[in-house]
Amino acid sequence: MKGKTNGTLRTMTALAAGLLAAGLLTACQPNSNDTPAQSSGGDTPREQDAQEQDAREPDASQAELERGATAEIRERGKVRIAVFADKPPFGYLDETGANAGFDIVIAKRVAKDLLGDENAVEWAHVEPANRVDYLESDKVDLVFANFTVTPERSERVDFALPYMKVALGVVSPEAAPINDVSDLEGEQLIVIKGTTAETYFTNEYPEIELLKFDEISEAFQALTDGRGAGLAQDNTFLFAWANENPGYAVGVGSLGNQDVIAPAVRKGNAELLEWLNEELRALGEERFIHQAYDEALAPIYGDVVNPEDLVVEGGEL
Amino acid sequence: MPNSGIDALLSVNNLTRLGQGLAVTLKLSIISIAISLALGLIYGIAMTTKNKLLYGLLKLYLEAFRVIPLLVWLFLLFFGGARAFGADTDGFTASVIVFSMWGTVEMGDIIRGAVQSIPACQRLSAEALGMTKARIYRHVIIPQAVRRFTPAAINLVTRMIKTSSLAVFVGVTEILRVGKQIIEFNMMKNPMASFWIYAFIFVVYFIICYPVSRLSKRLEAKWEY
């Protein structure tokens, strides 16, 4: 978004007006982060040695800030986590408007182990396309938004150990099944913007025409309206959807490389990354990701999906 | 489909959440419109200046908002500002700033047009009567200009209300975003939810914008001479 092309004059005028506007606004700060301050569970953070860092004075210099990232979060008393608000079953808002889903269950547990309270979280609702920006502009500490690890993304953010693995699939009507990618020749394939499915087909099969949608619901609506021959998305999600929607089947069950999904921190935030990896290993030992699966995904995936196809414990594939 | 999907709309929780989203939409719009009106008046009158340099600067500011999409300005302030200067504005504040800056130039341009449309003889006559520049504006130019700019300004107000939905992209949970969240939550068991939720949001925008645009029509008719 470096659109500042011509002249400093405009920038200066714009800034002056912006400052003026900002001055008028001081009274209108919203209280948009509706995290209820419920009583803490009484748990102390697991990392005893990390607590000593509380004593360290936060320094203004960048290096110090990065090194003291967990200390800074503890001082703030809240960890800022980016999640999805409209991508069930991974990150969504339930009937009451509370954050819920597979990513959220794990994120809450991480918050509890970091701060002793699973509600000490400032949730930021992100879109697939702006997750990297939220980290780079330091608006959040962690991203738990079904973030697939890719080489391009790894250059801009630091991924922790994965907690989930996915492969792509293609769902299609049983009446006109797509059982192989070659069946897609001359047809339109529905994908969701910013997903690995979009990247995969753009790179590997540029000849297949893609019909792109912003939202999962819009994409599936398009499939049921017959606007495309098939829909490509994470195979586990497709199995669950096909199970709920008679007349559709996952003709292509596994496609491309298996990808992993991991939380991410800001590039260079080594201390938080190390803490998070340690935390994920500890969670793996108690098989917490399986618990999260049972809580958030099992009700939707039911018997059609084997949890072992999806869950990664302690980052071990 | 076992049901029509309207229950996604009729649940108390969902209606409350849509109401909260509407409150955010209105708050965002009203603050931006108020700032735009106040600053737009100053900006518009400043645009009638004979000073070439000042005019050039104001014109540059106007064109910057005409040429560059608002969404780009939003991203520039929300992400770019944080990255370049460490100015960590939240989504709501960033939206208010961008919408106000845009509203100011649009409003200002409308006001400039209205002021300049007052025939020169009005000003000359007032000068001949010995009125000062400030009094000429207060008693001669502005009262006549207001009648001319009101319909266009009200039109801009409805545009600003509708444009406020862009705030979705910087994480503001306004009515459209709440609607999307409810739709996505219902996607597995209630695919028809999107129809009812969008229909509801359509009606809500209509209820807000229609009276405003009616008002503009009535004022136009009333002030015709």
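It should be emphasised that the depicted structure is a prediction, and the values quoted were computed from it without experimental measurement. Here is the naming used below: chain letters follow the sequence lines, and residue numbers restart at 1 for every chain. In what follows, every heavy atom counts, from backbone to side chain, and hydrogens, waters and symmetry copies are set aside.
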Which answer fits Glu136(A), side chain, backbone, both or neither, if we ask what part of it has an atom under 4.5 Å from a heavy atom of chain B? both

Determine whether Phe185(B) and Leu93(A) make a side-chain contact, defined as any pair of heavy atoms from C-beta on separated by less than 4.5 Å. no

Below 4.5 Å from any heavy atom of chain B, which atoms of Glu244(A) appear? Answer side chain, backbone, both or neither. side chain

Can Glu184(B) and Lys180(B) be counted as an ion pair, charged N to O under 4.0 angstrom? no

Between Glu218(A) and Lys193(A), is there a salt bridge with N-O shorter than 4.0 Å? no

Which region of Ala129(A), side chain (C-beta onward) or backbone (N, CA, C, O), has a non-hydrogen atom less than 4.5 Å from a non-hydrogen atom of chain B, or is it both or neither? neither

Can you pull out the residues in residues 82-91 of chain A with any heavy atom less than 4.5 Å from chain B? Ala85(A), Asp86(A), Pro88(A)

Should the ring pair Phe206(B) and Phe202(B) be called parallel, tilted or perpendicular, given that the plane angle runs from 0 to 90° and is split at 30 and 60? parallel

Measure distances from Val98(B) to the heavy atoms of chain A and classify the residue's part below 4.5 Å as side chain, backbone, both or neither. neither

Side-chain donor or acceptor of Lys139(A) paired with backbone N/O of Thr89(B) under 3.5 Å: yes

Would you mind checking which part of Glu215(A) comes under 4.5 Å of any heavy atom in chain B, side chain (CB onward), backbone (N, CA, C, O), both or neither? both

Would you say the rings of Phe102(A) and Tyr92(A) are close, in the sense that their centroids are separated by under 6.0 Å? no

With the threshold set at 4.0 Å, does a side-chain nitrogen-carboxylate oxygen contact exist between Arg80(A) and Asp138(A)? yes

Tyr43(B) versus chain A, heavy atoms under 4.5 Å apart: side chain, backbone, both or neither? neither

Using 30° and 60° as the class limits, which term best fits the ring planes of Phe79(B) and Phe75(B): parallel, tilted or perpendicular? tilted

If the threshold is 4.0 Å, N to carboxylate O, is there a salt bridge linking Glu106(B) and Arg159(B)? yes

